[in-house]
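Every number for a ligand or one of its atoms is a count from 1 in the order of the listing. Predicted, not measured: the structure shown is a model, and the values here were computed from it.
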Amino acid sequence: MQLIKLSATDSTNAYLKDLLFHNEIEDFTAVMAHTQLKGRGQMGTNWISDPGKNLTFSVLVKSLESPVSEQFLLNIYVSLAIYNTLTQLHVPDLKIKWPNDIMSGHSKICGILIENILSGQHIQASIVGIGLNANQLTFNNLPNVSSLKLLLGRTMDLDELLLNIVVNLKSLLAEKGKLDKEELFKRYETALFRKDKPSTFKNQNDEMFMGFIKGVSSAGKLKILMEDEIMKEFSLKEVQLLY
Ligand code: BTN
């Protein structure tokens, strides 16, 4: 595996994308940074991390070979690769919060930002960006955020974490042919945060409603059983889980 270590860059996602556009690079090439100056999060947010404390890296996936309509599959593979890595470390009460945050109890410990490079209706390559809170102990009063060191009481080796995540991702993708989609979705849904629990959501119009998370559709929408017993599907922009 090719690993590029940077002391500082704007965003490892942006760096890896630029590298891909200008060079012939191997599948699973990874870029990690001690410091990100403009770390990017989901939905145009910033990803802020104390320099050198956490794992901030991006890895190239060229071998997915799926149509755009199945792009959620990579969210599943990546979430499960991190979930499996953290399970091996005995992180308590692990869950995947749809679409792809990794939680321990009620605290977020990892965020994922996937950027796909398309060729027509086909995914040519994906830049998988992962921010895993490893050794940071304080989070400027951010609610519901934690780190592996806070949870496990020991300092984590960032290189080892990266390697384990990439190894787990490679092995899940290698299984791709054998693992049917139903089984893959089942594994993801089994680990889903607040599945089958009465939860409160907010829709696009800032209206609150109650429902039960039941799973995800093949297009990656969240399936919520509403109070009137009707199942509805929501995209990321259409719903926010409050509690
Ligand atoms: C989220 O909002 O939860 C997603 C956060 C993703 C952060 C990672 S850190 C490494 C990579 N480079 C970025 O600029 N973002 C991702």
What protein heavy atom sits nearest atom 12 (N) of ligand 1, and how far away is it?
Gln36 OE1, 2.8 Å
With heavy atoms under 4.0 Å as the rule, classify the contact between Met43 and ligand 1 as side chain, backbone, both or neither.
neither
Hey, does Trp47 have a side-chain heavy atom less than 4.5 Å from the side chain of Leu113?
no
Which word best sums up how the rings of Tyr188 and Phe72 line up, parallel for under 30°, tilted for 30 to 60°, or perpendicular for over 60°?
perpendicular
Please report whether ligand 1 has a polar contact with Lys108, defined as an N or O pair separated by less than 3.5 Å (distance criterion only).
yes
Out of Met32, Lys97, Lys38, Arg40, who gets a non-hydrogen atom closest to atom 15 (N) of ligand 1?
Arg40
Ligand 1 versus Ile130: contacting region, heavy-atom distance under 4.0 Å:
backbone
Which of the numbered atoms in ligand 1 are below 4.0 angstrom from a heavy atom of Thr12?
10 (C), 11 (C), 12 (N)
Partner of Asn168 under side chain to side chain donor-acceptor pair (under 3.5 Å), picked from Thr85, Thr87, Asn84, is Thr85
Would you say ligand 1 has an N or O under 3.5 Å from any N or O of Trp47?
no
Between His34 and Ser7, which heavy-atom pair has the shortest distance, and what is it?
CB-O, 3.2 Å
What are the two closest heavy atoms between Met226 and Lys232, and how far apart are they?
CG-CG, 4.0 Å
Side-chain heavy atoms nearer than 4.5 Å, only ILVMFWY residues, links allowed to pass through others: does that put Trp98 and Leu80 together?
yes
Which protein heavy atom lies closest to atom 2 (O) of ligand 1, and at what distance to 0.1 Å?
Gln42 N, 2.7 Å
Between Asn13 and Ser58, is any side-chain donor less than 3.5 angstrom from a side-chain acceptor?
yes
State the atoms of ligand 1, each with its element, that fall below the 4.0 Å cut-off from a heavy-atom position in Gly39.
14 (O)
Counting from 1, what ligand 1 atoms have a heavy atom of Asp101 closer than 4.0 Å?
3 (O)
